[in-house]
Each structure stands twice: as C-alpha cells, then as structure tokens.
Amino acid sequence: MKALLIVDVQNDFLPGGALAVPDGDLIIPIINGLQQKFTFVVATQDWHPATHGSFAINHTGKKPGDFVKLDGLDQILWPAHCVQGSFGAEFHQDLQKNQWNRVFQKGTDPQVDSYSGFYDNNRKGDTGLSAYLKKFKINEVFVVGLATDYCVKFTVLDALKDGFKTTLISDATKAVNLEAGDFEKALEEMQQAGARIIVSREII
Ligand code: VGL
Ligand code: ZN
C-alpha cells in the first residue's frame, strides 16, 4: 500500500509568511492534483510553542541564521514560525484536506527541533507516524511539501531508515535555499540514501 505524505504546507512557509519559502505556493495545485491519485494521505504540521528553542527571539542577542546548542545539537535559529494556534501554523486554504487520513504535529517540545515528520532531531520524540503507517499496511511513501532542504529531506531520510520504499516528487516541493544550491544538494542527499526522485507528471 502506498501513501502520500504532505509536509508542512502551512501559511508561515508560504509567501507572506514568517519563514516564507520562495515560490512555495506554486506546489499547492500540484499537490492537489497528486492527492487524487492516492487513497491514503497524511500531512505533517510544524506546531511550535511560542517558547520554542529554535526561535531566535528566545535567545538574547541572537538573530535568525545564528547557531545555538539545543539538547546538545547544533541548531540554526529561525524567525518565530508556526506557533500553535496561530494563522501561520494553519494549512494554506487552497490545499485540499478533505481526504486526509490524519495530521501529525511536530516540533512541540520547546527544547528540541523536529524537522522530520517521524522523529525529533535528537531521535527521542516520536510522532507515531511510522507505527501509524505500518498499522495501515503502508510500505511505500511519496513525499511532497516544504521545505525540500529541511523538513522534507529529514522526513524522506527517516522514511528510508524505517524501511519504507520512498519517492520524492521534486516539483511538488520547494527549498528555503539559505545557500544557493541547497535544493539540488538536498535531492542528491536523498537519492544517495536510497530515495527515488520523480516529477509529478510521472504520476498524474
Ligand atoms: C521547517 C525550518 C524550521 C520546514 C520547519 O518545514 O522545513 N524549516 N521549521
Ligand atoms: Zn519549525
């Protein structure tokens, strides 16, 4: 059984949002088209408390792009984004949600970031996504959403680690691109780890 995994298509990651991914909105119609090809669809939602340790504003004298240690891990600091209950944390209104089987929220622990939809960056917290997919006999996932070089990449890598056959649909994802070329670098890393990379017209 296969599932479509939609990562973090939330207002704060879209143009006008707090951590806007350039052209992030262009993937929404592509994802809506893809959803029609799947009977099992799961979404992830970045869902931070206002006190989250990945927010620059919560570290005196730091700004977005600076680094701190968070639970012993190097953590890049972001503008405050996807705060629980805020408009920025909501899914984009044009994204079709009627056929979603479930939403998995991540990044809820203020002391550690969670890029992957499966596990916190320190590997301690588990959203339950892996067990949920296995319960429904899903053995293959197709990953889309935001952002290619952070949450999408780490979701793909964890899917592979947990034994799912994993495909990234490259035109249904956009990168933050803090550095030029981060999109291509992320694709390369996912492919090296065993992911298949395709474009949406191979499915639609
Ligand atoms: C993300 C940075 C911080 C993402 C989430 O969804 O890619 N990036 N939080
Ligand atoms: Zn976040």
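Counting starts at 1 for both ligands and their atoms, following the listed order. This chain uses plain numbering: 1 for the first residue, then up along the sequence.
- The ligand atoms of ligand 1 that sit less than 4.0 angstrom from a heavy atom of His81 are 3 (C), 9 (N).
- Here the shortest heavy-atom pairing between Met190 and Ile197 reads CB-CD1, 4.4 Å.
- In terms of polar-atom proximity, defined here as any N/O pair under 3.5 Å, Asp46 does make such a contact with ligand 1.
- Ring pair Phe40/Phe136 is tilted by interplanar angle, where 30° to 60° counts as tilted.
- In the model, Asp113 has a side-chain atom that pairs as donor or acceptor with a side-chain atom of Gln75 under 3.5 Å.
- An N or O contact shorter than 3.5 Å links Cys151 to ligand 1 by distance.
- When rounded to 10 degrees, the angle formed at the Zn ion (ligand 2) by NE2 (His81) and OD2 (Asp46) equals 100°.
- Counting only heavy atoms of the protein, atom 8 (N) of ligand 1 lies nearest to Tyr150 CB, 3.8 Å.
- Salt bridge status for Asp71 with Arg123: absent, with no side-chain N to carboxylate O gap under 4.0 Å.
- Figure legend: Lys97 and Phe91 shown without cation-pi pairing, the cationic atom not lying both under 6.0 angstrom from the six-membered ring centre and within 45 degrees of its axis.
- Considering both main-chain and side-chain atoms, His48 never comes within under 3.5 Å of ligand 1 through any nitrogen or oxygen pair.
- Each of the atoms 4 (C), 6 (O) of ligand 1 lies under 4.0 Å from some heavy atom of Asp8.
- Residue-level proximity to ligand 1 for Leu146 is carried by the backbone, the only part with a heavy atom below 4.0 angstrom.
- Ile27 and Val9 get closest at one heavy-atom pair: CD1-CG2, 4.5 Å.
- Inclusion of Ala147 in the set of residues having an N or O under 3.5 Å from an N or O of ligand 1 is warranted.
- Residue Trp78 has no nitrogen or oxygen atom sitting less than 3.5 Å from a nitrogen or oxygen atom of ligand 1, judged on distance alone.
- One side chain, Asp46 or His81, offers a donor N or O that lies under 3.5 Å from an acceptor on the other.
- Residue Gln10 places no heavy atom under 4.0 Å from ligand 1.
- Checking His48 against the Zn ion (ligand 2), an N/O/S atom falls under the 2.8 Å cut-off.
- The cationic group of Lys2 lies under 6.0 Å from the six-membered ring centre of Phe38 and within 45° of the ring axis, placing it in a cation-pi geometry.
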